[in-house]
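Below, chains carry the letters A, B, ... as their sequence lines are ordered, and counting in each starts from 1.
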Amino acid sequence: MDRPSAKRHETSEGQDGALIRFANVSKRFSLEGGEMTAVSDVSLDVRGGEIITLVGPSGCGKSTLLNMTAGLFQPSEGTVFYEGKILSGLNHQVGYMTQSDHLLPWRTVFGNIVAPLEIRRMGKAAARERVESLLETVGLQGFGGSYPNQISGGMRKRTALARLLAYDPQTLLMDEPFGALDALLRLRLQVELRVLARRLQKTVLFVTHDLEEAVALGDRCAVFSARPGRIISIVTIPLPEDRDLMQLRYNSDFTRTCADLWSLLSSELARSGT
Amino acid sequence: MKIAALRLLVLVLLLGIWEFASGRLVSAFFISKPSSIGAKFWSILIDGTLLRNMGITASEAVTGFIVGGLAGAIVGLALGRSVTLAKVFDPFITAFYSMPKVALAPLFILWFGVDFQMRVLFTAVIVFFLVFLNTYTGVRNVSRELMTVFRLMGARESHLARMVVVPSAITWVFAGLRLSVPYALIGAIVAEIMAGNSGLGYLVEHAAAQFDTSGVFAALLGVMILALALNLAVKLLERVLMPWRDASEQREVTV
């Protein structure tokens with residue numbers, strides 16, 4: 001799938017510029033003894049090539065939106081459009097990455113990254129070449145032959161990221177992927193993710209509960225209410241495309257935006273009493 | 001090195017106490033003594049009795065182990081993958097599993113006689129249940145999230161089976177196999193004791209029938225050696241088939 005390398009706002013395939021569109025989407029789950037509304041009346045347009053971060057109290061249905069984008073389940077009300085079409089069934093245009101890296105312990109780093117290429121029946125030589133270049137992209141040269149339990153948590157994340165990039169999904173769904181990592185490693189992976197997503201023109205939906213991460217990574221940030229999750233605000237992050245994540249700490253726009261998000265969220269937390 | 005020396009010391013001490021107690025504190029008729037057990041072991045070793053019978057027991061245990069293990073793994077995979085089948089068979093499996101398999105021996109003798117075939121089948125049944133249950137639980141526990149991640153990559157059922165389910169089941173099959181080693185031996189030896197004219201179990205039984213305590217202990221020593229050898233064999237096989245396991249042992253342990 002060759003996408004034109006035009007500017008990011010023109011890469012979307014939807015009729016009106018939205019690659020992913022949530023139109024008045026609600027999702028209810030039936031539980032024992034009643035129903036639970038995970039998200040309620042969410043409308044959000046995600047442009048192709050955009051990085052959107054989703055923040056909100058835990059259990060507010062952020063992950064539910066990702067699952068619907070992946071086509072794992074249908075909304076109870078409203079519609080999810082992908083490339084202008086109503087989404088039904090699994091969405092093979094997306095790649096999913098969660099807090100757990102989901103590597104196959106019985107395969108080496110190389111074997112893990114090559115798995116999606118095997119599924120696509122890519123030729124051995126071509127696949128090998130692609131994996132080698134991906135190993136370089138994520139900074140894992142020389143570790144192709146290691147098993148996941150031989151490498152550190154950060155390297156496992158990189159492996160998972162390389163596997164995600166291997167099959168070149170248009171959209172990356174990331175559910176707190178860096179949650180369990182230490183601060184420095186996290187920062188490095190955030191830098192890499194932003195650079196890679198930009199270079200490869202990926203659209204990213206990134207769920208996090210970390211406000212600073214949400215501001216640092218996102219082009220826009222959707223702030224959710226407590227359950228049932230609604231979007232209370234969509235904040236455009238006033239930081240440049242080529243922001244230097246390493247220096248954000250001292251950037252006044254960054255700290256101000258974090259403070260804004262915090263005031264939005266804290267009133268929400270106070271309201272929900274959690 | 002120090003540990004090895006201490007172990008040797010414990011062994012020597014135990015044997016010494018045994019040797020001393022025999023005939024002085026307890027009648028040698030009941031507990032024999034290490035020196036005569038050693039002599040007896042040596043004599044049945046050179047006249048070939050030990051190795052011949054050990055070979056018979058080993059081939060029963062190994063054949064039963066392979067037959068039972070394969071069947072257990074296959075049935076475990078099948079039931080683990082099919083929710084309906086699993087639900088249907090669940091109570092039957094639990095019922096059979098909770099029954100002590102040794103109690104089946106008389107029935108097996110009735111059905112298959114007292115020769116090699118019966119002992120192999122008896123061992124296989126015992127191994128089957130252990131491997132089956134482990135594989136079954138293992139397949140059930142393959143992370144659904146992991147499967148979803150692969151489905152999104154475009155994986156079909158055949159891919160999932162080859163890349164995810166079977167390799168993860170291997171881990172569990174081996175857990176079952178390792179558990180089964182002593183039980184496979186139990187199966188073979190119980191069968192020999194009850195209905196044998198050869199094998200280590202027969203050797204034990206035959207010596208006991210002649211009140212030859214040293215012979216019993218010498219045969220038991222043979223059983224112990226065989227058990228250790230089988231354990232080692234499974235471990236080696238595991239290392240070959242699951243190199244990633246080995247890798248985790250090499251990693252430094254951090255807490």
Exercise for the section: May I ask you to check whether over 12 heavy atoms, not counting those of A:Glu132, lie within 6.0 Å of atom CD? Expected result: yes
Fill in the blank from the handout: Bottom line for A:Thr108: the part with an atom under 4.5 Å from chain B's heavy atoms is neither
Handout entry: Spacing of CG belonging to A:Leu173 relative to CG belonging to B:Leu152, to within rounding of 0.5 Å
Key = 8.0 Å
Handout entry: From CA spacing to verdict: side-chain contact (heavy atoms from CB on, under 4.5 Å), A:Arg163, B:Val149
Key = CA-CA 11 Å; A:Arg163 180 178 69 180; B:Val149 167; 3.8 Å; yes
Exercise for the section: Decide if atom CZ of A:Arg186 counts as having more than 12 heavy atoms of other residues, nucleotides or ligands within a radius under 6.0 Å. Expected result: yes
Practice task
Check whether any side-chain heavy atom of A:Glu118 lies under 4.5 Å from a side-chain heavy atom of B:Arg162, and answer yes or no.
Solution key: yes
Handout entry: Contacting moiety of A:Leu164, where chain B heavy atoms sit under 4.5 Å
Key = neither
Practice task
Working to the nearest 0.5 Å, report the span between CE of B:Met147 and NE2 of A:His102.
Solution key: 12.0 Å
Exercise for the section: Flag yes if more than 12 heavy atoms outside B:Met224 fall under 6.0 Å of its CE atom; otherwise flag no. Expected result: no
Problem - B:Ser158 portion near chain A, given a 4.5 angstrom heavy-atom threshold - result: neither
Problem - Test item: A:Trp106 side-chain N/O and B:Met163 main-chain N/O as donor-acceptor pair under 3.5 Å - result: yes
Problem - More than 12 heavy atoms of other groups within 6.0 Å of B:Tyr183 OH - result: no
Problem - CZ/A:Phe143: more than 12 non-hydrogen atoms of other groups inside 6.0 Å - result: no
Problem - Shortest non-hydrogen contact between A:His92 and B:Met153, atoms and distance - result: ND1-C, 4.5 Å
Handout entry: A:Leu104/B:Leu146 under side-chain contact (heavy atoms from CB on, under 4.5 Å): CA gap, chis, key distance, verdict
Key = CA-CA 9 Å; A:Leu104 303 175; B:Leu146 178 62; 4.1 Å; yes
Practice task
Check the surroundings of atom CG in B:Leu6: do more than 12 heavy atoms from other residues, nucleotides or ligands lie under 6.0 Å from it?
Solution key: yes
Practice task
Give, for atom CZ of B:Arg151 and atom CG of A:Asn91, the distance between the pair rounded to the nearest 0.5 Å.
Solution key: 15.5 Å
Exercise for the section: Check whether more than 12 heavy atoms from other residues, nucleotides or ligands sit under 6.0 Å from atom CZ of B:Phe89, and answer yes or no. Expected result: no
Problem - Heavy atoms from other residues, nucleotides or ligands near CZ of B:Phe96 exceed 12 (cutoff 6.0 Å) - result: no
